[in-house]
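The model shown is predicted, which means the values in this text are computed figures rather than measured ones.
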Amino acid sequence: MPLLYRLAAAAGTLTALGAGTLVYANRVELNRFTLRRAEVRVPGLKSPLRVLHISDLHYVPGQQKKSQWVRSLAQLQPDLVVNTGDNLSHAQAVPEVLETLEPLLQFPGCFVPGSNDYYAPRFKNPLKYFKGPSTLHPEAQTLPTEELFGAFGRAGWANLTNAHSAAEIAGLRIEFSGTDDPHLDLDEFSGWPSTDHPSTEQDEGETTPAPDLRLGVTHAPVRRTLETFADAGADLVFAGHTHGGQVCLPGERALVTNCDLPTQHAKGLHTIRRADGGVTTVHVSAGLGTSAKAPIRLFCPPEATLLTVLPQ
């Protein structure tokens, strides 16, 4: 009997610890918003650029703590805002998402879609992530994507869904190229503005100036997409999607990435060596939220990143 009592007590302790961990992951960690700061050096860059990278808002109406924190990021006065998708987690979230991002829409920006800008999340067994990336449910509810992205576009943010553009920001000529979500196999690399009109004499006798910086933007950091950007000469690539692992071991060590990216690259910076000998830097955001069907984070707080790009 004493052994049975000890086993029962141990089981009760484990149950209590598990329940307490879930409460902490839902009530505390989920709202422990964190601003990360990082630096990247790019050869030949003539002046710094401050980029605010936001991703995976996964907004549900009523998330006021998240909304207030994201709105406060405008105080950073970034030169550029990069939004790597998954803004929605509810069909009625668009008005509050636009209210949340309104202060950031005052700055130059660009965006690409994630799967949860198109389709609402559905519950899935979290253990399935260990078997491989998630897949789209055939009965997934569609979301008001055009309403959200139309508002982004009217505010001046560049839609980089399988598209490219150029802009002068902070005294730098920047070329952007983005893709639709690789997680849904919708990504197509469209090149760069200067590859449409190379820096040679045109019929009108004009030339397209060479860019100071080339930025790739995508949602899911699938390796084929990252390598495509790198082979095309991107200086820096932005992605999200992984949630940093979302439920991690102590030390923010990810167990899964929900794509083919290695777990050690689930968030933050890593580099890809290009065939031309150059280096492309990738920044993966751990994101600001989670699916509405899995509202927990553990050892992986929600985050945005202020990335300062500096001359080398």
If hydrophobic clusters are built by linking Ile, Leu, Val, Met, Phe, Trp and Tyr wherever their side-chain heavy atoms come under 4.5 Å apart, do Val51 and Leu310 end up in the same one? no
Same cluster for Val81 and Leu73 if Ile/Leu/Val/Met/Phe/Trp/Tyr side chains link at under 4.5 Å? yes
In a check of ring pair (Phe, Tyr, Trp, His ring centres under 6.0 Å) between Phe149 and each of Phe111, Tyr118, Trp157, which one passes? Phe111
Is there a side chain to side chain contact (heavy atoms under 4.5 Å, CB included) between Arg122 and Gln141? Walk through the geometry before answering. CA-CA 9 Å; Arg122 295 175 63 95; Gln141 176 192 10; over 6 Å; no
If Ile, Leu, Val, Met, Phe, Trp and Tyr residues are connected whenever their side-chain heavy atoms lie under 4.5 Å apart, and connections chain through other members, are Leu307 and Val282 in the same group? no
Given side chain to side chain contact (heavy atoms under 4.5 Å, CB included), test Phe176 with Leu80 step by step and report yes or no. CA-CA 12 Å; Phe176 301 88; Leu80 172 69; 3.8 Å; yes
Side chain Gln246, main chain Ile296, donor-acceptor under 3.5 Å: yes
Is it true that a side-chain atom of Asp231 and a backbone atom of Ala275 form a donor plus acceptor pair closer than 3.5 Å? no
Rounding to 0.5 Å, atoms NE2 (His164) and OG (Ser194) come to a distance of 9.0 Å
Let me see the working for Thr305 and Ser285 under side chain to side chain donor-acceptor pair (under 3.5 Å), right down to the final yes or no. CA-CA 7 Å; Thr305 301; Ser285 172; 5.1 Å; no
Would you say Lys66's side chain and Leu57's backbone share a donor-acceptor pair under 3.5 angstrom? yes
Side-chain heavy-atom pair Leu143, Tyr119 within 4.5 angstrom cut-off: no
Quick check for you: to the nearest 0.5 Å, what is the distance between Thr218 atom OG1 and His183 atom NE2? 12.0 Å
Do Asp56 side-chain atoms and Gly289 backbone N/O form a donor-acceptor pair below 3.5 Å? no
Heavy-atom closest pair, residues Phe33 and Leu288: CE2-O, 3.7 Å
Between atom CZ of Arg36 and atom CG of Leu306, what is the distance when rounded to the nearest 0.5 Å? 13.5 Å
Decide if atom CD of Glu146 counts as having more than 12 heavy atoms of other residues, nucleotides or ligands within a radius under 6.0 Å. no
If hydrophobic clusters are built by linking Ile, Leu, Val, Met, Phe, Trp and Tyr wherever their side-chain heavy atoms come under 4.5 Å apart, do Leu52 and Val97 end up in the same one? yes
State whether Glu227 and Arg224 are salt-bridged, where the test is any N-O pair (Lys NZ or Arg NE/NH1/NH2 against Asp/Glu carboxylate O) under 4.0 Å. no
Carefully, step by step, assess Thr100 and Tyr59 under the rule side chain to side chain contact (heavy atoms under 4.5 Å, CB included). CA-CA 10 Å; Thr100 296; Tyr59 201 89; 3.7 Å; yes
Counterpart residues, salt bridge (Lys or Arg N to Asp or Glu O under 4.0 Å), relative to Asp260 (two or more places apart): Arg223
Ignoring hydrogens and geometry beyond distance, is a side-chain donor-acceptor pair present between Thr84 and His53 at under 3.5 Å? yes
Counting C-beta onward and ignoring hydrogens, is there a side-chain heavy-atom pair between Leu215 and Leu236 closer than 4.5 Å? yes
For the CD atom on Gln92, are there more than 12 heavy atoms of other groups (residues, nucleotides or ligands in this structure) within a distance under 6.0 Å? no
Quick check for you: to the nearest 0.5 Å, what is the distance between Asn159 atom CG and Asp180 atom CG? 9.0 Å
Do Val112 and Leu184 sit in one hydrophobic cluster, given that two such residues count as connected whenever their side-chain heavy atoms are within less than 4.5 Å of each other, even indirectly? no
Closest non-hydrogen atoms of Cys110 and Val217, given as atom of the first, atom of the second and distance, are SG-CG2, 4.1 Å
On a heavy-atom basis, which atom in Pro221 and which in Thr242 lie closest, and how many Å separate them? CG-CG2, 3.8 Å
Shortest non-hydrogen separation from Ala254 to Ala266 and the atoms involved: CB-CB, 3.5 Å
Leu226 to His270 - nearest heavy-atom pair and separation: CD1-NE2, 4.3 Å
Within this structure, what is the CG-CG distance for the pair Leu172 and Asp212, rounded to the nearest 0.5 Å? 5.0 Å
For Arg297 and Arg32, what are the C-alpha separation, side-chain angles and deciding distance, and is it a side chain to side chain contact (heavy atoms under 4.5 Å, CB included)? CA-CA 10 Å; Arg297 277 183 177 258; Arg32 191 163 64 89; over 6 Å; no
Is the closest side-chain heavy-atom distance between Arg37 and Leu76 below 4.5 Å? yes
Report yes if some heavy atom in the side chain of His241 is under 4.5 Å from a heavy atom in the side chain of Ser55; otherwise report no. no
Is any side-chain heavy atom of Asn31 closer than 4.5 Å to one of Trp69? no
Using modelled atom types and a 3.5 Å cut-off, is there a donor and acceptor pairing between side-chain atoms of Ser177 and backbone atoms of Gly216? no
Are Thr145 and Asp117 linked by a side-chain donor-acceptor pair shorter than 3.5 Å? no
Which distance, rounded to the nearest 0.5 Å, do you find between the CG of Asp181 and the CG of Asp187? 8.0 Å
Compare all side-chain heavy atoms of Phe152 with those of Leu98 and state whether any distance is below 4.5 angstrom. yes
Do Asp86 and Ser115 have side-chain heavy atoms sitting under 4.5 Å apart? yes
Okay, side chain of Arg273, backbone of Val279: is any donor-acceptor separation there less than 3.5 Å? no
Are Asn83 and Leu101 close enough that some pair of their side-chain heavy atoms sits under 4.5 Å apart? yes
His58 and Gln63: which non-hydrogen atoms are nearest, and at how many Å? O-OE1, 3.8 Å
